[in-house]
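The structure appears below as structure tokens.
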Amino acid sequence: MKQSILGLYYEEFEVGKTIHHSISKTIFESDNNLFSLLTMNHHPVHTNLDYAQKNEHGKILVVGTLVFSIVVGMTVPDISGKAIANLGYEDIKHLTPVFLNDTLYARTEIIDKRESASKKDRGIIYVETVGYNQKGDDVISFKRKVLIKKKAYEK
């Protein structure tokens, strides 16, 4: 039996490379309802079918921060599985609406990397992730910096 590997070490990231994440997720009504309740987002466009049908898209929209959270989670096995910390997220863009029963996929491009200035056992990768739906439409994009362990220093 082969042991699963969670994440890559700093040395294994290649600038310019794109990783197509193998995990995907269909957003169910229960996902959206629970997330709305947990995060106190009770806007009726997310929870009230009658209200949503009378508005621009004519159906319930998935909460944008749920889309963001799911897409981040889909990247963990490849991007941040060996992370010491996520240092920051930036330039988050909701590109097109996500609806109930849409399926999300993701890809991440390695934009840059640099060694830590203060500790030689780690480095920082800078990536851009794009989440897209079953039709291939990009629905969200964001950039982040992740502090990653170096393999040479793994205990």
Side-chain angles (χ1 to χ4, degrees), residues 1-43 46 60-155:
M1 181 183 300
K2 185 177 179 181
Q3 178 183 0
S4 78
I5 299 170
L6 183 60
L8 300 171
Y9 289 100
Y10 171 79
E11 298 91 337
E12 297 172 298
F13 287 97
E14 296 177 36
V15 174
K17 184 172 183 174
T18 298
I19 297 170
H20 295 268
H21 305 288
S22 61
I23 297 174
S24 58
K25 169 75 173 115
T26 300
I27 309 298
F28 298 109
E29 184 176 19
S30 57
D31 300 322
N32 194 54
N33 286 344
L34 181 58
F35 194 83
S36 293
L37 290 168
L38 287 172
T39 60
M40 303 298 291
N41 184 342
H42 302 291
H43 193 288
H46 304 305
I60 290 187
L61 295 173
V62 173
V63 179
T65 48
L66 173 58
V67 174
F68 174 71
S69 296
I70 288 172
V71 173
V72 168
M74 290 174 9
T75 71
V76 169
D78 302 312
I79 301 300
S80 57
K82 299 225 182 307
I84 296 166
N86 283 298
L87 299 176
Y89 294 88
E90 61 186 51
D91 204 22
I92 301 167
K93 296 177 185 171
H94 296 279
L95 305 170
T96 193
V98 174
F99 301 104
L100 299 179
N101 300 313
D102 277 354
T103 300
L104 299 178
Y105 301 89
R107 65 183 179 274
T108 300
E109 180 184 354
I110 314 308
I111 298 171
D112 197 13
K113 65 186 259 188
R114 68 174 178 81
E115 296 191 19
S116 169
S118 60
K119 295 184 178 180
K120 62 184 178 178
D121 66 338
R122 58 196 68 185
I124 298 167
I125 62 166
Y126 183 48
V127 301
E128 181 174 25
T129 297
V130 176
Y132 56 96
N133 65 19
Q134 70 279 0
K135 299 176 203 168
D137 299 329
D138 293 348
V139 299
I140 191 167
S141 66
F142 55 89
K143 296 177 182 174
R144 68 178 165 150
K145 291 182 180 174
V146 187
L147 187 62
I148 306 282
K149 298 175 191 177
K150 286 187 176 179
K151 187 174 188 173
Y153 294 90
E154 185 69 336
K155 295 176 184 175

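Of all heavy-atom pairs between Ser141 and Val130, the closest is CB-CG2, 4.1 Å. Summarising the geometry of His46 relative to Leu61, their closest heavy-atom pair is ND1-O, 2.8 Å, with the distance given to 0.1 Å. Between Val139 and Pro97, the shortest heavy-atom contact is CG1-O, 4.4 Å. When every heavy atom of Leu6 is checked against every heavy atom of Val76, the shortest pair comes out as CD1-O, 4.3 Å.
Every side-chain hydrogen bond (donor to acceptor under 3.5 Å, both in side chains) that Thr103 has, sequence neighbours left out, goes to Thr26. Every ring pair (Phe, Tyr, Trp, His ring centres under 6.0 Å) that Phe142 has, sequence neighbours left out, goes to Phe68. Checked against salt bridge (Lys or Arg N to Asp or Glu O under 4.0 Å), Glu115 has the following partners two or more places apart in sequence or in another chain: Lys150. Under the salt bridge (Lys or Arg N to Asp or Glu O under 4.0 Å) criterion, Arg107 pairs with Asp138, not counting sequence neighbours.
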Practice problem: Just do the side-chain contact (heavy atoms from CB on, under 4.5 Å) check on Ile111 and Val127 with the steps written out, would you? | Solution: CA-CA 5 Å; Ile111 298 171; Val127 301; 5.6 Å; no
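The stretch residues 6-25 participates, sequence neighbours left out, in no ring-ring contact (aromatic ring centres under 6.0 Å, His included) pair at all. Annotation: salt bridge (charged side-chain N to carboxylate O under 4.0 Å, His left out) contacts involving residues 71-84, sequence neighbours excluded, are absent. Among pairs with a residue in residues 83-102, those fulfilling side-chain hydrogen bond (donor to acceptor under 3.5 Å, both in side chains) read Asn86-Arg144, Glu90-Tyr126, Asp102-Gln134, at least two apart in sequence or across chains. Every pair passing salt bridge (charged side-chain N to carboxylate O under 4.0 Å, His left out) that includes a residue from residues 8-26 is listed here, sequence neighbours excluded: Lys25-Asp31.
Once rounded to the nearest 0.5 Å, the distance linking CG of Leu38 with CG of Asn33 reads 11.0 Å. How far CG of Leu8 is from CD1 of Ile148: 8.0 Å, rounded to the nearest 0.5 Å. Atoms CG and OH, on Asn133 and Tyr105 in that order, are 9.5 Å from each other to the nearest 0.5 Å. The CD1 atom of Ile27 sits 13.5 Å away from the CD1 atom of Ile60 when rounded to the nearest 0.5 Å.
For the pair Leu100/Val62, a side-chain contact is recorded, criterion being any heavy-atom separation below 4.5 Å from C-beta on. Side-chain contact check for Phe35 versus Thr65: some heavy-atom pair is nearer than 4.5 Å. Two residues are said to be in side-chain contact when any heavy atoms from C-beta on lie closer than 4.5 Å; Ile110 and Ile79 meet this criterion. Counting heavy atoms from C-beta outward, Val67 and Leu104 have side chains that approach closer than 4.5 Å.
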Please list every donor-acceptor pair under 3.5 Å in which a side-chain atom of residues 116-125 meets a protein atom from a residue at least two apart or in another chain.
unit_1 : atom_1 : unit_2 : atom_2 : d
Ser116 : OG     : Ser118 : N      : 3.2
Ser116 : OG     : Lys119 : N      : 3.1
Ser116 : OG     : Lys119 : O      : 3.4

